[in-house]
Novice: 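Sharing a structure, written as structure tokens. Questions coming.
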Amino acid sequence: MLAPGASVHSVRPLDWLLARGCQVRFVDDRRPRPATRDGFRWAPYPLGAGRHRWLGWNLSHRVADAALRRLARGADIVHVHWVDHRAYACARLGLRPLVITVWGSDVNLLLEPGADETCRQQVGAALAAADLVLADSGDMPAKIARLAGRPVPTALLPLGIDTARFQPAPPEAIADWRRRLGAPDDAAVLMSVRAWGRRYGHEELLEAFARARRDARRRAVLVFKIYNVGDYAEGPALLERLQARTRELGIDDDVRWLSDVPFDALPALYGAADAVLNYPVMDAFPVTFMEAAACQCPVVTVDLPAYRDTFVHRFFQVVPPGDAAALAAALRAAIDEDPAAARARLREARELMVREFDESVTADQLLAHYRRLAGDGATAGGEAPGGAGTR
């Protein structure tokens with residue numbers, strides 16, 4: 001298997017495949033963990049950053065194409081995580097069977113006004129050439145077809161979580177996190193854990209929190225989990241603006257800025273929260289929902305098309321987009337709800353995560369797709385299919 005794509009998105013599927021005895025050639029500009037493991041091979045792509053300065057664009061592309069063809073030789077499946085120029089390169093070179101996993105923003109941003117037209121055309125060509133596109137939300141197939149210019153074979157496959165790791169935390173671990181957060185014993189803890197980009201609604205959550213705390217019966221603390229700041233051009237300015245606004249609102253004592261949380265500590269952090277807040281303007285299906293449900297942590301979320309026909313409306317508190325009053329009211333209700341009762345009503349959500357959203361279930365479904373395609377498709381490295389486009 002050849003696996004071009006951003007390593008941050010494809011490390012977990014990589015672990016699943018290696019654990020099941022697959023041979024993986026991982027192609028990316030960064031070496032993912034594990035650096036060495038049976039069945040694993042890493043190759044950098046594109047090779048030699050900045051090489052075009054001395055080879056020229058045409059020759060450097062030809063060299064990169066030859067290297068990609070060589071890496072794909074004999075692969076049973078070519079799977080690209082995050083659809084971009086790498087997926088387009090695989091499609092243009094006719095590498096098949098071609099599987100593409102879309103992750104939300106890679107598709108959603110290209111459907112926004114002002115999106116780069118060249119990028120949109122390349123992504124559309126890659127999607128049109130795919131033997132299968134995997135997505136995690138029900139609104140994606142129509143968007144994929146819109147970019148591709150025709151319907152594309154698509155399957156829903158949520159990323160899945162380790163439900164043995166993400167489960168209700170023991171009381172002592174929760175108490176330790178509340179102490180670290182400086183949360184008074186009688187205070188509710190609301191927490192925003194999404195990436196640090198403007199579209200994730202942190203500013204709206206801050207304003208709603210300031211409004212909700214004035215009318216709530218309990219004291220409340222708002223926690224912003226800060227990460228990925230450098231991955232967004234507006235990230236540093238957004239953090240500075242939020243901190244300044246916190247001072248203007250006079251709520252410094254009730255807002256926490258949390259960074260460098262180890263992955264293993266996340267279940268206890270969910271346990272310390274009375275509610276997780278989610279208010280993006282666009283989204284796929286966030287792993288946050290599955291982690292919170294598995295830990296029986298309540299969620300207040302905006303209502304987006306990506307969340308429809310899922311467990312979200314069954315278990316979470318949902319508010320309409322663009323309604324500041326409704327968001328503040330939902331936060332106030334989350335602050336005042338009895339914590340034990342709130343978690344008790346999510347026992348069924350926990351059971352659903354174990355039964356249908358554990359990563360072992362996802363891994364088995366992924367391998368089933370691979371086996372079907374490997375039996376039906378051509379060996380990777382053939383001629384480009386129609387619609388793959390040229391560059």
Side-chain angles (χ1 to χ4, degrees), residues 1-47 67-84 86-87 89-90 95-103 106 130-136 155-167 262-267 284-285 287 290-291 294 353-381:
M1 174 189 168
L2 177 77
S7 56
V8 67
H9 296 288
S10 43
V11 163
R12 285 171 65 187
L14 168 63
D15 287 341
W16 303 339
L17 295 171
L18 293 174
R20 286 162 174 76
C22 296
Q23 303 290 312
V24 179
R25 305 172 201 167
F26 192 95
V27 182
D28 198 11
D29 58 357
R30 291 170 291 175
R31 182 192 296 270
R33 64 162 187 86
T36 58
R37 184 167 170 177
D38 290 345
F40 171 74
R41 174 187 167 196
W42 170 73
Y45 181 86
L47 303 173
L68 193 54
R69 274 199 182 97
R70 185 172 62 253
L71 288 166
R73 192 171 296 133
D76 296 305
I77 296 289
V78 176
H79 190 164
V80 184
H81 291 262
W82 189 275
V83 58
D84 59 8
R86 290 165 293 201
C90 292
L95 306 185
R96 296 189 63 196
L98 177 60
V99 179
I100 298 175
T101 293
V102 297
W103 291 87
D106 48 353
D131 295 280
L132 179 66
V133 179
L134 301 175
D136 62 2
L156 294 183
L157 189 72
L159 182 59
I161 60 168
D162 181 353
T163 56
R165 180 191 303 272
F166 286 93
Q167 60 177 304
F263 183 70
D264 288 344
L266 287 178
F285 196 79
V287 69
M290 292 175 272
E291 292 173 348
M353 295 307 104
V354 173
R355 186 172 63 251
E356 297 184 16
F357 290 88
D358 188 82
E359 62 185 12
S360 64
V361 176
T362 301
D364 290 342
Q365 292 173 345
L366 178 62
L367 280 175
H369 287 304
Y370 284 172
R371 292 190 182 103
R372 176 179 60 81
L373 290 171
D376 294 345
T379 300

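What you see is a predicted model, and the numbers here were worked out from it, not measured in a lab. In what follows, every heavy atom counts, from backbone to side chain, and hydrogens, waters and symmetry copies are set aside.
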Novice: Treating Asp136 as the side-chain partner and Phe285 as the backbone partner, does any N or O pair qualify as donor plus acceptor under 3.5 Å?
Specialist: yes
Novice: With side chains defined as the heavy atoms from C-beta onward, is the minimum distance between Val361 and Arg355 less than 4.5 Å?
Specialist: no
Novice: Gln167: which residues meet the side-chain contact (heavy atoms from CB on, under 4.5 Å) condition with it, sequence neighbours left out?
Specialist: Arg350
Novice: Within a strict 4.5 Å, meaning less than it, do heavy atoms of the Leu373 and Ile77 side chains meet?
Specialist: yes
Novice: Rounded to the nearest 0.5 Å, what's the gap from NE2 on His81 to OG1 on Thr101? Could you check?
Specialist: 4.5 Å
Novice: How many angstroms lie between atom CH2 of Trp103 and atom CG of Leu159, to the nearest 0.5 angstrom?
Specialist: 4.5 Å
Novice: Mind checking the CZ-CG spacing from Arg69 to Leu95? Nearest 0.5 Å is all I need.
Specialist: 7.5 Å
Novice: Would you please indicate yes or no on a ring centroid separation below 6.0 angstrom for Phe357 and Phe166?
Specialist: no
Novice: Under 4.5 Å between any side-chain heavy atoms of Trp42 and Val27, yes or no?
Specialist: no
Novice: Going by heavy atoms in the side chains, are Leu157 and Leu366 under 4.5 Å from each other?
Specialist: yes
Novice: Before you tell me yes or no, could you show the steps for Cys22 and Asp76 under side chain to side chain contact (heavy atoms under 4.5 Å, CB included), namely the whole-Å CA-CA distance, both residues' side-chain angles and the distance that decides it to 0.1 Å?
Specialist: CA-CA 10 Å; Cys22 296; Asp76 296 305; over 6 Å; no
Novice: Which pair of heavy atoms, one from Ile100 and one from Val83, lies closest together, and at what distance?
Specialist: CG2-CB, 3.8 Å
Novice: Rounded to the nearest 0.5 Å, how far apart are CZ of Arg372 and CG of Asp131?
Specialist: 8.5 Å
Novice: Any side-chain heavy atom of His369 sitting closer than 4.5 Å to one from Leu132?
Specialist: yes
Novice: Quick one: CH2 on Trp16 to CG on Leu18, what's the gap to the nearest 0.5 Å?
Specialist: 12.5 Å
Novice: Using the test side-chain contact (heavy atoms from CB on, under 4.5 Å), find all partners of Ala265 that sit at least two apart in sequence or belong to another chain.
Specialist: Trp177, Val261, Pro262
Novice: Check for a donor-acceptor pair, side chain of Arg165 on one end and backbone N or O of Asp264 on the other, with a separation under 3.5 Å.
Specialist: no
Novice: Do you know the tightest heavy-atom contact between Arg41 and Leu71?
Specialist: NH2-CD2, 3.6 Å
Novice: Is the shortest side-chain heavy-atom distance between Asp162 and Glu359 below 4.5 Å?
Specialist: yes
Novice: Would you call Arg20 and Asp364 a side-chain contact if the rule is heavy atoms closer than 4.5 Å?
Specialist: yes
Novice: I want to check something: taking the side chain as every heavy atom from C-beta on, are Val80 and Val99 in contact at a cut-off of under 4.5 Å?
Specialist: no
Novice: Between Thr362 and Pro158 (side chain of the first, backbone of the second, donor and acceptor by atom type, cut-off under 3.5 Å), is there such a pair?
Specialist: yes
Novice: Can you tell me how far CG of Asp358 sits from OG1 of Thr163, rounded to the nearest 0.5 angstrom?
Specialist: 3.5 Å
Novice: Please determine whether side chain to side chain contact (heavy atoms under 4.5 Å, CB included) holds for the pair Tyr370 and His79, giving the CA-CA distance in whole Å, both sets of side-chain angles, and the decisive distance to 0.1 Å.
Specialist: CA-CA 9 Å; Tyr370 284 172; His79 190 164; 2.4 Å; yes
